[in-house]
Each structure stands twice: as structure tokens, then as C-alpha cells.
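Step one of this worksheet: look at the structure below.
Note that the structure is predicted; figures quoted are calculated from it, not measured.
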Amino acid sequence: MTGERPATTARTRPAPADATAVAHPNIALIKYWGKRDKQLVLPWTDSLSMTLDIFPTTTRVRLEPGIRHDTVVHDGIPLDGLPRHRVTAFLDLVRQRAELTTRAVVETRNTGPTGAGLASSASGFAALATAAGAAYGLTLDPTALSRLARRGSGSAARSVFGGFVLWHAGHPDHDDPDLGSYAEPVPVRLDDLEPALVVAVVDAGPKALPSRDAMRRTVDTSPLYRPWTVSCRADLRGMQEALHRADLDAVGEIAERNALGMHATMLTARPAVRYLSPATLTVLDAVLELRRAGVSAWATMDAGPNIKVLCRRADAGRVAEALRAAVPGVAVHVAGPGPGARLLETAV
Ligand code: DP6
């Protein structure tokens, strides 16, 4: 994938290289919430997600030997401050590995809301890792690419792959902890499971508190954090078995309780982190109503008020209709399992 250009070409001849990649967001059914190593972005727990087929991010990385600083343009607007710093720090890591110092122009386009708990950093850093790795001539197999994407944003490790994906936390006593923490696809009989995620955007604006800060505060101060990590291990085992059986009810039930548990850790942080809004709770009520009416529908929420409802593809229309009726003006999108990150042949 990214290994087509030999690393030596880029190292010995720093001519402008240009690569464009696309990646999709993923939604965790078993959440990642909390780092044991902030610099290497190593999580406390394993997590498991579904990559979506909506809201792709496309990123172009062009090496520019003449410039002194990286330029980062997001949806046509030059970035500065922390968002720009996260991209340039990531490029520094790539440059260090490529043994190059050439700066780059990064242009990225997002088709979904940014920073609203809809996994834009997952698709963003998976696309950036794929494009930057190729532009700087790194030889990366998908596992190495997943490790690299992880350094930009933890959840991006999972967007390297399509479908259902498990991200291994790795072992703290591993000689090289970086090596043990990567994502890999989980084989699932999609024709039997027929999963859909109905995404209800109750608020498309960026969150007040970035998830990175919220995560740190939760780990440092919530008395429920450790118990939640313990319950995550049982949830993951149950989830893997449920996926193996293609048992959507069990997948949904475990996903919903895992997400609610994560939000319980946030609510008990000091000071409390509350991403869920009254509209979120209204949607949760609608999901409960759907279940009472016999529809298999289960909710999951990330670092924002928006909700994703897992259901069977055949029920997605009915679920979408119920969510629209519950919250007037809500934007509803239906997603299925999507592809992993990939390089594009031509720049966009
Ligand atoms: C709630 O991957 O955005 O969406 O590693 O600090 O960049 P950083 O965090 P990020 O966190 C995602 C948290 C989550 C749950 C999940 O996707 O597993």
C-alpha cells in the first residue's frame, strides 16, 4: 500500500514528493478512553470499532523543499494554534523516521463535522499517516501504518482498517511498548450481522472540551475509571463472541453499556465532564421506545452530544425516522461498514 516507493529514494533525493490518501471515521463499540502513555499514545484498554462508509477525510501531503515551516490547510482554511501543532508534530515524527527535514504542505478535506465527537480525528490522522508515510518514502505495512496513525490520534489506529477492527492496547512490560499497540481487522460475517449505524447529529459544532483533555481528567480524577477498565475486558470478550455469532442484539447491548459506562467515568471526573445534552437523552429515550416496539436498536455516544444507533440495515429507515421525529431539526445519516485507509492515484 504505502511500500511501493523505496525508502532510499526519498532519503537520498529529497525531490518534492506528493501523495493523497482517503480514510473513513470509525465508531467504537468498546471504547478507548484513557492513555497509559501520553507521548506514545498507548491506551489502558483494548478497543473495538466499526469503520463507517460515510464522512471520509481526504488529505494531500506535498513536500516543498523551499519552505521553512509546514503549511496546514483544512477545508480551504489555514490552521494555526493547537490543531496545526498536532499535524506538524506528527510530520516531525514521520520526518525523523524518513531521515528527512523537508517541510510539507498539507491540504485536508473533511466531509463530516469536525471535533464534534464524530471521529474526525480518526479519519484525519489515518489519512495523514497514509499520505505522509508515502510522501516521505516510508515503507509501512498496514500494522506499522496503524501504529504510526496511533501517534496522531489513538482512534486513528483503527481507521487504517475497514469493517470491524480491534486495537490492542499492548502490554506495559513489553520491551518496546510501541510495537505491541496496533489495530487489526476482526473477521465478521457481515451478510449475517447486516449492521447499520444511524448517526444522529444533534449538534454539529466543535465540543467545548477536547476529548484529549477530558480523557486525561477522567483518568486522573474519576473513582469509576479503574472499575470501568476492568468491565471493558469482560465487554470485549462478550463483544468478540457476539460478533463471531453475528448476534446483533448482543453486540448492541454490550456496546450501549460500554458507552454508558465510559460516560459514567466522565460524569464522576472532578470537575465533571458532561458531553451528553438534553437532545442526547431524548434520542436515548427514542432508542428505548424502538426496542419496546421490537426493533433491535442500541445507542453509543463519544466525546460529544451526538448519538450513533446500531441496528439491522433493514431497520435503518425506521430508526432514522424515529430519531427525526424525536428531535426536530436533527440531521440523520445512515452508515454501513466502510473501507480502510488507502492512497489515491491522483491528487484531488
Ligand atoms: C470517545 O482518539 O480522539 O471517541 O488519542 O487523544 O487523539 P486522542 O483521542 P481520540 O479519542 C477517541 C475517544 C472516543 C472513543 C473511541 O473512539 O474509542
Side-chain angles (χ1 to χ4, degrees), residues 23 25-51 86 89-90 93 117 119-126 128-129 142-161 164-186 209-240 254-255 257-266 268-269 273 275 300-304 341:
N26 70 77
I27 297 300
L29 303 177
I30 302 293
K31 302 296 184 188
Y32 145 57
W33 193 247
K35 298 175 184 62
R36 65 176 203 273
D37 184 317
K38 295 176 189 74
Q39 211 218 329
L40 292 177
V41 192
L42 299 171
W44 279 111
T45 56
D46 296 341
S47 57
L48 192 150
S49 59
M50 183 176 104
T51 301
R86 276 184 73 175
F90 186 80
L93 177 69
S120 56
S121 70
S123 55
F125 278 98
L128 180 64
T143 307
L145 183 60
S146 169
R147 282 193 204 100
L148 176 64
R150 189 197 80 225
R151 299 289 296 274
S153 184
S155 53
R158 300 185 308 237
S159 274
V160 166
F161 298 99
F164 287 82
V165 181
L166 169 65
W167 172 21
H168 299 278
H171 293 289
D173 48 5
H174 201 289
D175 285 348
D176 183 351
D178 174 61
L179 283 181
S181 187
Y182 57 88
E184 65 180 356
V186 177
L209 182 65
S211 58
R212 196 155 269 203
D213 301 338
M215 207 181 268
R216 184 179 310 136
R217 189 192 296 170
T218 306
V219 175
D220 291 347
T221 67
S222 169
L224 295 193
Y225 184 69
R226 261 186 180 282
W228 178 73
T229 63
V230 173
S231 71
C232 275
R233 286 198 276 277
D235 286 350
L236 180 67
R237 272 196 304 279
M239 177 64 74
Q240 286 173 307
I254 297 167
R257 72 166 181 245
N258 186 267
L260 289 170
M262 176 183 73
H263 282 276
T265 68
M266 298 183 200
T268 45
V273 175
Y275 285 120
T300 185
M301 297 81 68
D302 293 286

Identify, with sequence neighbours excluded, every residue that meets ring pair (Phe, Tyr, Trp, His ring centres under 6.0 Å) alongside [X].
X      : answer
Phe161 : none
Tyr275 : none
His171 : none
Tyr32  : Trp167

- Item | Set of residues satisfying salt bridge (charged side-chain N to carboxylate O under 4.0 Å, His left out) with respect to Arg257, sequence neighbours excluded |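 With sequence neighbours excluded, Arg257 shows a salt bridge (charged side-chain N to carboxylate O under 4.0 Å, His left out) to Asp235, given in chain and number order.
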
- salt bridge (charged side-chain N to carboxylate O under 4.0 Å, His left out) with Asp46: which residues, sequence neighbours excluded?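 Salt bridge (charged side-chain N to carboxylate O under 4.0 Å, His left out) check on Asp46 returns nothing, list empty.
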
- Task: Evaluate the side-chain hydrogen bond (donor to acceptor under 3.5 Å, both in side chains) criterion for residues Ser222 and Thr268: first the C-alpha distance (whole Å), next the side-chain angles of each, then the deciding distance (0.1 Å), finally the verdict.
- Result: CA-CA 5 Å; Ser222 169; Thr268 45; 2.9 Å; yes

Check side chain to side chain donor-acceptor pair (under 3.5 Å) between [X] and all other residues, then give those that pass, not counting sequence neighbours.
X      : value
Asp220 : none
Ser153 : Ser121
Thr218 : Trp33
Ser231 : none

- Query: In Å, rounded to the nearest 0.5 Å, how long is the span from CZ of Arg158 to OG1 of Thr51?
  - Reply: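 It is 8.5 Å, given to the nearest 0.5 Å.
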
- Task: Just jot down the side chain to side chain contact (heavy atoms under 4.5 Å, CB included) partners of Leu260, sequence neighbours excluded, or say none.
- Result: Glu256, Met301

